[in-house]
S.K.: 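My questions all concern the structure below.
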Amino acid sequence: MLARKGLLSDGFLLTRLAEDATQPSRIRPKSQRARFITKSGSCNVAHKNIREQGRFLQDVFTTMVDLKWQHSLLIFTSAFLCSWMLFAMVWWLLAFAHGDLEPRDPNEPGPVPCVTSIHSFTSAFLFSIEVQVTIGFGGRMVTEECPLAIIVLIIQNILGLIINAIMLGCVFMKTAQANRRAETLIFSRNAVIAPRNGRPTFMFRVGDLRKSMIISATIQLQVIRRTVTAEGEVIPVCQLDIQVENPLRSNGIFLVSPLIISHTIDRGSPLYEVSAQSLATEDLEIIVILEGVVETTGITMQARTSYTPEEILWGRRFVSIMTEEDGRYSVDYSKFGNTVPVRMPALSAKELDHTRGVQDSGPHEGKPQGWGLVRAGRGGYRRGGGRACDDMTAKPWYVQTEKEEEKKGQKKTVKLEEIGREMEEETMEDMSD
């Protein structure tokens with residue numbers, strides 16, 4: 001119906017329907033567990049039984065900025081009204097003490113009043129507003145008859161400037177908060193676990209809808225889970241950092257277009273023992289924190305989101321949304337969160353390593369053995385033997401090695417290459433009798 005009315009394109013609806021049809025149902029019978037960070041980035045933590053409430057008054061400015069708009073406007077309005085009423089009372093008392101409120105004949109000259117044209121509390125209230133907001137209608141003014149009235153005028157002007165400065169500062173900070181810029185930073189609703197370069201990889205997508213860039217953007221991943229120590233202590237919130245896949249070993253990203261942030265699930269990963277079956281019962285939450293400097297304002301911003309086990313899809317990967325059109329790159333945001341299924345075993349990364357022959361103990365602990373499929377020359381494929389790596393660092397299974405073998409009076413040098421690699425070298429020499 002939306003596509004028929006022209007509100008949404010047909011391609012968007014078709015891709016969304018295809019995604020919903022192919023994705024398995026993630027509905028769980030039990031109640032949904034609580035999460036620390038909501039999908040919008042707000043912290044889902046309630047602070048109760050705070051006895052030292054006075055600490056918030058020691059930092060009034062931050063407290064005012066953190067308040068909601070309706071509460072801030074109510075406080076500003078009350079501050080102005082209270083100051084006007086207070087100084088209106090002061091001006092009325094000055095006029096009453098000086099005798100300016102006594103009835104006089106307008107035709108007879110009388111003593112010079114402290115403030116002209118003040119005859120009641122209402123006129124004193126109007127004069128207080130004129131002094132504090134510097135309106136100056138011209139009907140009322142302070143004379144040199146009362147030095148105390150001049151002092152009160154100075155005090156009210158200074159107090160009015162302070163209230164205006166605090167109000168303008170709070171309004172500016174509330175409108176220029178860093179989380180406002182985060183509204184145009186989007187994360188994929190679901191994360192995926194799919195094989196990449198032969199290893200299970202946790203992935204999600206992030207994008208920026210604005211043309212202005214985020215300078216020095218960094219992204220950080222953390223896993224929050226409930227753990228129990230060896231002494232039996234229960235830690236309800238245990239934060240573990242996750243290394244983002246980056247050749248530079250840093251968390252910096254260049255967010256000029258939507259990116260797929262990946263984390264390789266290896267031996268040091270908190271997701272090393274998570275399988276497709278245990279994922280649904282895991283009590284964990286993966287928090288994503290994106291920080292950077294807004295290019296237009298220079299303000300540091302932060303965008304947050306999180307993924308619970310229900311929002312992590314096993315055996316799926318994101319579709320490509322970037323194409324090259326007319327000499328420039330084009331991004332199709334209608335497919336931003338679309339995924340497609342891929343072939344992937346339901347085993348955890350630890351179980352896969354056991355299957356492929358990675359040792360867990362012994363003198364070569366943590367060293368992968370030759371468990372990968374390799375291509376030997378022009379022939380078929382074979383699995384590597386149980387020989388561990390020579391050095392102390394773990395090597396991937398596709399590292400090239402050389403083997404010499406003699407067969408039927410011929411000496412043959414064969415390079416074992418990574419699957420899919422087309423370069424081959426083969427030398428053959430006849431051996432003399």
Side-chain angles (χ1 to χ4, degrees), residues 14-30 32-33 35 39 186-207 219 221-223 225 240 242-245 258-288 305-322 332 334-358 368 371-373 381 383 396-398 418-420:
L14 291 177
T15 53
R16 296 301 301 174
L17 290 175
E19 178 186 6
D20 296 340
T22 55
Q23 291 182 359
S25 176
R26 309 289 294 184
I27 300 177
R28 300 181 59 189
K30 64 179 182 179
Q32 187 178 5
R33 62 171 64 95
R35 60 196 309 162
K39 298 299 291 184
I186 56 176
F187 299 88
S188 59
R189 183 171 183 82
N190 296 321
V192 298
I193 294 180
R196 174 176 283 189
N197 296 328
R199 298 291 303 179
T201 306
F202 172 83
M203 294 175 287
F204 65 93
R205 179 172 276 167
V206 59
I219 197 160
L221 300 182
Q222 285 187 350
V223 170
R225 66 195 316 171
L240 302 174
I242 298 180
Q243 178 64 39
V244 178
E245 189 70 18
L259 298 177
I260 296 179
I261 309 300
S262 62
H263 160 68
T264 302
I265 304 177
D266 51 11
R267 182 180 295 273
S269 173
L271 307 177
Y272 187 61
E273 299 181 0
V274 176
S275 63
Q277 287 75 18
S278 64
L279 178 61
T281 59
E282 287 287 339
D283 188 10
L284 59 84
E285 180 180 354
I286 300 179
I287 296 178
V288 181
T305 190
S306 67
Y307 297 99
T308 57
E310 295 85 357
E311 298 166 348
I312 301 177
L313 306 180
W314 188 278
R316 304 186 70 88
R317 64 174 177 83
F318 291 102
V319 300
S320 177
I321 61 175
M322 181 175 294
D332 185 7
S334 64
K335 303 178 182 178
F336 184 81
N338 290 10
T339 60
V340 293
V342 295
R343 297 184 60 183
M344 181 179 181
L347 303 177
S348 64
K350 182 178 181 180
E351 295 171 343
L352 289 175
D353 287 344
H354 282 288
T355 305
R356 293 164 176 171
V358 175
W371 44 263
L373 284 174
Y381 299 91
R383 291 190 178 272
W397 60 270
Y398 51 81
E418 181 184 358
I419 298 177

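Keep in mind that the numbers below use all heavy atoms, side chains included, and drop hydrogens, waters and symmetry copies. We count residues from 1, following the sequence as given.
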S.K.: Quick one: CZ on F318 to CG on L259, what's the gap to the nearest 0.5 Å?
M.R.: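 Answer rounded to 0.5 Å: 12.0 Å.
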
S.K.: Counting distance only, does the side-chain N/O of T264 pair as donor-acceptor with the main-chain N or O of D266 below 3.5 Å?
M.R.: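 No: the side chain of T264 does not pair with the backbone of D266.
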
S.K.: Does the pair E311/R35 count as a salt bridge with the N-to-O cut at 4.0 Å?
M.R.: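 So E311 pairs with R35 through a salt bridge.
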
S.K.: Return the CG to CG distance between N338 and N190, rounded to the nearest 0.5 Å.
M.R.: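 Interatomic distance, N338 CG to N190 CG, rounded to 0.5 Å: 10.5 Å.
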
S.K.: Roughly how far apart are Q222 CD and I286 CD1, rounded to 0.5 Å?
M.R.: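 If I round to the nearest 0.5 Å, the distance is 11.5 Å.
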
S.K.: Please report the interatomic distance CG(L271) to CD1(I312), rounded to the nearest 0.5 Å.
M.R.: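 Reported to 0.5 Å precision, the distance equals 7.0 Å.
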
S.K.: Answer whether the closest heavy-atom distance between the side chains of R317 and V340 falls below 4.5 Å.
M.R.: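 Of all side-chain heavy-atom pairs linking V340 with R317, at least one is under 4.5 Å.
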
S.K.: If you compare all heavy atoms of V206 against all heavy atoms of F187, which two are closest, and at what distance to 0.1 Å?
M.R.: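 Taking every non-hydrogen atom into account, CG2-CE2, 3.6 Å.
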
S.K.: Atom CD1 in I265, atom CD1 in I193: separation rounded to 0.5 Å?
M.R.: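 Rounded to the nearest 0.5 Å, the CD1-CD1 separation comes to 4.5 Å.
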
S.K.: What are the two closest non-hydrogen atoms of R316 and T339, and how far apart are they?
M.R.: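 It is NE-OG1, 2.8 Å.
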
S.K.: Does the side chain of R196 come under 3.5 Å of the side chain of T201 through a donor N or O and an acceptor N or O?
M.R.: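 Short answer, no.
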
S.K.: Provide the closest heavy-atom pair for S348 versus Y272 in the form atom of the first, atom of the second, distance.
M.R.: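 So the minimum-distance heavy-atom pair works out to CB-O, 3.8 Å.
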
S.K.: Taking ring pair (Phe, Tyr, Trp, His ring centres under 6.0 Å) as the test, write out the residues that go with F202, two or more places apart.
M.R.: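 Partners of F202 by the ring pair (Phe, Tyr, Trp, His ring centres under 6.0 Å) criterion come out as none, since no residue qualifies.
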
S.K.: List the atom of K39, the atom of S188, and the distance in Å for their closest heavy-atom pair.
M.R.: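 Heavy atoms of K39 and S188 come nearest at NZ-O, 4.2 Å.
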
S.K.: In Å and rounded to the nearest 0.5 Å, what is the CD1 to CD1 distance from I287 to I242?
M.R.: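 Rounded to the nearest 0.5 Å, the CD1-CD1 separation comes to 10.0 Å.
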
S.K.: Please list, chain by chain and in numerical order, all residues satisfying side-chain hydrogen bond (donor to acceptor under 3.5 Å, both in side chains) with R189, sequence neighbours excluded.
M.R.: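 Counting only residues at least two positions away or on another chain, R189 forms no side-chain hydrogen bond (donor to acceptor under 3.5 Å, both in side chains).
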
S.K.: Kindly give the heavy-atom pair with the smallest separation between R199 and D353, and that separation in Å.
M.R.: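 That would be NH1-OD1, 2.7 Å.
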
S.K.: Answer yes or no: is there a side-chain heavy-atom contact under 4.5 Å between T355 and L347?
M.R.: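 Touching, per the 4.5 Å side-chain cut-off.
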
S.K.: For residues W314 and A346, report the shortest heavy-atom separation together with the two atoms involved.
M.R.: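 Heavy atoms of W314 and A346 come nearest at NE1-CA, 3.9 Å.
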
S.K.: Quick one: list whatever passes salt bridge (charged side-chain N to carboxylate O under 4.0 Å, His left out) with E273, sequence neighbours left out.
M.R.: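 By the salt bridge (charged side-chain N to carboxylate O under 4.0 Å, His left out) rule, E273 matches K350.
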
S.K.: For T281 and S278, indicate whether the former's side chain and the latter's backbone hold a donor-acceptor pair under 3.5 Å.
M.R.: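 Side chain of T281 to backbone of S278, a donor-acceptor pair under 3.5 Å: yes, one is there.
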
